[in-house]
Amino acid sequence: MNRLFRITLLTLIAAAAMPAHAIERSKLVSYAQSLKGKKEAELKTAIYNLTRNANTLNYGSGTNCTWWGFYVTDKDAEGYVIDRYSNNKVKFGSRGSAASGMNIEHSFPKSWWDGSKNQAYKDLYNLMPSESDANSSKSNYGMGIVTTVKFDNGCIKVGTGNGGMQLWQPAEVWKGDFSRGYMYMATAYQNLNYEGEGLKSLQNGDYPTLKEWAYTLYLKWMREDKVSQVEVDRNNAVAEIQGNRNLYVDFPTLAEYVWGDSINYEFNPDVALTTADGDERYATYNPSEGGGNSGGGGGEGGDSGNEGGDGGEEVTPPVGGLLFNEPFDDITDGNNTSNSGSGSVWNGCDHFPSVTAAYQAGGAVKMGTGSKTGSITSAAIPFAGGTLCVSIDVKGWTTVEGELDVTLGNKKKTVEYSAKMSDAFETATLTFDNVPANPTLTIATTAKRAFVDNVKVWQPTGTGITTLTGTPQQTGNAFFSLSGQKLCTRPAAPGIYIYNGKKFVVK
């Protein structure tokens with residue numbers, strides 16, 4: 001076969017295997033790196049800084065205008081408009097022309113700010129095609145639960161809520177979509193000055209911006225209605241046009257770190273669940289799992305091994321499925337709790353045959369000295385190539401003197417930690433994409449000394465949890481659902497949960 005033709009054919013096959021609008025997990029994680037280690041208000045502002053600038057289309061119909069964008073973002077496979085405000089079936093005409101009987105609907109009406117036709121006015125994440133009667137009935141009301149219905153077209157309801165507030169309510173299938181859209185707007189435009197009807201759903205200021213009743217309801221709807229492929233495709237299509245992303249779609253538990261039950265945990269995009277192409281975990285993600293108490297993904301990227309975890313079932317090492325496991329149990333000399341406890345040289349073991357400035361530390365290894373760095377490098381790990389997870393227990397000297405550089409094959413990541421010699425080890429878990437076959441693992445200090453223990457490497461497939469025997473008491477450790485969501489209390493509803501890295505069954 002002609003080499004050029006073969007390359008072209010392979011390229012076309014690869015392209016055909018991918019959705020028309022998709023992003024790989026590695027690229028998405030790279031895009032979101034500025035969010036790492038942040039939580040609550042600081043995290044929301046980091047999302048704002050990442051998403052606030054968009055190359056928006058001109059408003060209206062015509063080339064490079066809103067309807068020109070809708071032709072890509074809101075057209076189904078048969079050429080019909082995807083209308084989230086009614087059940088009408090209307091076909092698109094030529095690209096850029098408005099569909100018959102349809103309006104451009106703002107989720108956040110312009111009257112919620114000063115009415116200016118700014119970026120928010122033109123942002124496709126805030127705009128969707130709508131049947132005209134639904135658009136006019138919805139008016140400039142906020143989104144909530146309608147108890148007294150004045151308009152119902154079989155898709156949306158408009159009326160008043162329990163407190164007499166004018167509201168509109170989306171169909172069940174779109175509740176999560178609109179909730180994540182409201183979260184995006186309340187973040188990307190947290191700098192706007194809201195007024196009038198908008199102040200019933202929002203408050204001015206960087207945090208929380210959404211009023212408590214609003215974000216509490218939207219978190220509930222977000223958990224009940226997981227991100228669909230339609231929502232993923234729209235998010236990716238808008239991102240291709242505007243250059244920014246709705247990260248509440250990309251990371252389905254991100255909102256929990258901003259407003260929900262994981263606000264005390266640092267977000268970590270490296271291990272967080274995503275809806276990106278290549279993140280197989282999302283196929284088994286169940287946001288309502290855990291008897292309704294679950295909410296957040298504290299288990300995806302928390303700041304300690306017990307409280308934080310790293311991604312629920314996909315990031316916990318699988319039973320019997322470890323490619324590599326070194327607990328350093330053969331090191332019986334020394335200790336890792338005193339200045340003079342780790343002075344004997346360690347020459348390595350079968351798993352780590354190559355070491356530099358390594359010392360015995362009572363079932364652990366001290367790397368480095370007061371004047372130089374240290375490292376340990378494994379033998380080749382039998383692996384065909386792809387995604388691997390690595391977990392390491394780590395703590396510093398009398399103070400934390402640096403970070404850990406972790407290199408797997410040709411992939412390198414840096415681990416920050418806060419535990420000192422007098423503390424318990426904390427667990428750092430990393431996910432490496434596109435790892436080459438038969439990689440070696442190198443763990444190195446960046447400055448002076450650190451202790452490491454319990455190094456594990458595994459491929460993120462399967463349920464990945466062991467069974468916990470007995471009944472745990474709620475101490476400092478947290479319970480998580482299988483999707484990696486942190487529970488507020490010990491679960492009472494029947495189901496399978498994760499506690500201290502092991503499976504806990506409630507019957």
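Numbering of residues begins at 1 and proceeds along the displayed sequence.
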When you check the side-chain N and O atoms of [X] and [Y], is any donor under 3.5 Å from an acceptor?
{"X": "Tyr31", "Y": "Asp250", "result": "no"}
{"X": "Asn204", "Y": "Asn193", "result": "yes"}
{"X": "Tyr189", "Y": "Asn118", "result": "no"}
{"X": "Asp233", "Y": "Gln229", "result": "yes"}
{"X": "Tyr248", "Y": "Thr187", "result": "yes"}
{"X": "Asp270", "Y": "Gln33", "result": "yes"}

Looking at [X] and [Y], would you say the former's side chain and the latter's main chain have a donor-acceptor pair under 3.5 Å?
{"X": "Ser391", "Y": "Val457", "value": "no"}
{"X": "Asp83", "Y": "Glu131", "value": "yes"}
{"X": "Asp279", "Y": "Thr275", "value": "no"}
{"X": "Glu426", "Y": "Ser418", "value": "yes"}
{"X": "Gln169", "Y": "Val146", "value": "yes"}

Shortest non-hydrogen separation from [X] to [Y] and the atoms involved:
{"X": "Ala22", "Y": "Glu240", "answer": "N-OE2, 4.5 Å"}
{"X": "Lys122", "Y": "Gln242", "answer": "O-OE1, 4.2 Å"}
{"X": "Lys211", "Y": "Leu202", "answer": "CE-O, 3.3 Å"}
{"X": "Phe151", "Y": "Val149", "answer": "O-CG1, 3.4 Å"}
{"X": "Asn434", "Y": "Ser26", "answer": "ND2-OG, 4.3 Å"}
{"X": "Thr147", "Y": "Gly161", "answer": "OG1-C, 3.2 Å"}

Is it possible for you to check whether Lys89 lies under 6.0 Å from the centre of the six-membered ring of Tyr80, through NZ or CZ, and within 45° of that ring's axis?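 Yes, Lys89 lies over the aromatic ring of Tyr80.
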Is any side-chain heavy atom of [X] closer than 4.5 Å to a side-chain heavy atom of [Y]?
{"X": "Cys65", "Y": "Leu57", "result": "no"}
{"X": "Val258", "Y": "Tyr207", "result": "yes"}
{"X": "Tyr218", "Y": "Phe178", "result": "no"}
{"X": "Leu35", "Y": "Ile47", "result": "yes"}
{"X": "Thr66", "Y": "Leu124", "result": "yes"}
{"X": "Val390", "Y": "Lys456", "result": "no"}
{"X": "Ser107", "Y": "Tyr125", "result": "no"}
{"X": "Arg95", "Y": "Trp68", "result": "yes"}

Output the distance between atom [atom1] ([X]) and atom [atom2] ([Y]), rounded to the nearest 0.5 Å.
{"X": "Thr387", "Y": "Arg281", "atom1": "OG1", "atom2": "CZ", "value": "9.5 Å"}
{"X": "Lys27", "Y": "Thr274", "atom1": "NZ", "atom2": "OG1", "value": "14.0 Å"}
{"X": "Glu231", "Y": "Lys226", "atom1": "CD", "atom2": "NZ", "value": "11.5 Å"}
{"X": "Leu219", "Y": "Thr253", "atom1": "CG", "atom2": "OG1", "value": "11.0 Å"}
{"X": "Asn88", "Y": "Met102", "atom1": "CG", "atom2": "CE", "value": "7.5 Å"}
{"X": "Asn126", "Y": "Met185", "atom1": "CG", "atom2": "CE", "value": "3.5 Å"}

Under 30°, 30 to 60°, or over 60°: which ring-plane class applies to [X] and [Y], parallel, tilted or perpendicular?
{"X": "Trp168", "Y": "Tyr85", "value": "tilted"}
{"X": "Phe108", "Y": "Trp112", "value": "tilted"}
{"X": "Trp113", "Y": "Tyr194", "value": "perpendicular"}

Verdict with reasoning, Met143 to Leu167, per side-chain contact (heavy atoms from CB on, under 4.5 Å): CA-CA 5 Å; Met143 181 174 68; Leu167 295 166; over 6 Å; no
Could you check whether atom [atom1] of [X] has more than 12 heavy atoms from other residues, nucleotides or ligands sitting under 6.0 Å from it?
{"X": "Lys91", "atom1": "NZ", "value": "yes"}
{"X": "Glu416", "atom1": "CD", "value": "no"}
{"X": "Asn191", "atom1": "CG", "value": "yes"}

For the side-chain hydrogen bond (donor to acceptor under 3.5 Å, both in side chains) test, which of Asn235, Asn246, Asp123 pairs with Tyr184?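 Filter result, single survivor: Asp123.
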For Ser97 and Phe92, what are the C-alpha separation, side-chain angles and deciding distance, and is it a side-chain contact (heavy atoms from CB on, under 4.5 Å)? CA-CA 8 Å; Ser97 61; Phe92 271 98; over 6 Å; no
Output, in order, the C-alpha distance, side-chain angles, deciding distance and verdict of side-chain contact (heavy atoms from CB on, under 4.5 Å) for Val29 and Thr431. CA-CA 11 Å; Val29 170; Thr431 300; over 6 Å; no
Glu197/Lys200 under salt bridge (charged side-chain N to carboxylate O under 4.0 Å, His left out): CA gap, chis, key distance, verdict: CA-CA 6 Å; Glu197 193 72 23; Lys200 297 178 181 179; 3.3 Å; yes
Between Lys175 and Glu224, does any NZ, NE, NH1 or NH2 come within less than 4.0 Å of an OD or OE carboxylate oxygen?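 No, Glu224 and Lys175 are not salt-bridged.
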Run the numbers on Asp206 and Lys44 for salt bridge (charged side-chain N to carboxylate O under 4.0 Å, His left out), then give the verdict. CA-CA 8 Å; Asp206 294 347; Lys44 184 170 179 286; over 6 Å; no
One pair to check against side-chain contact (heavy atoms from CB on, under 4.5 Å): Ile23 and Arg245. What are the steps and the verdict? CA-CA 11 Å; Ile23 184 171; Arg245 304 188 62 83; 3.5 Å; yes
Hey, would you say the Trp67 and Phe70 ring centroids sit under 6.0 Å apart?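 For Trp67 and Phe70, the ring centres are under 6.0 Å apart.
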Inter- and intrachain pairs under salt bridge (charged side-chain N to carboxylate O under 4.0 Å, His left out), touching residues 132-158, at least two apart: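 As it turns out, the salt bridge (charged side-chain N to carboxylate O under 4.0 Å, His left out) pairs with a partner in residues 132-158, which skip direct neighbours, are Glu105-Lys138.
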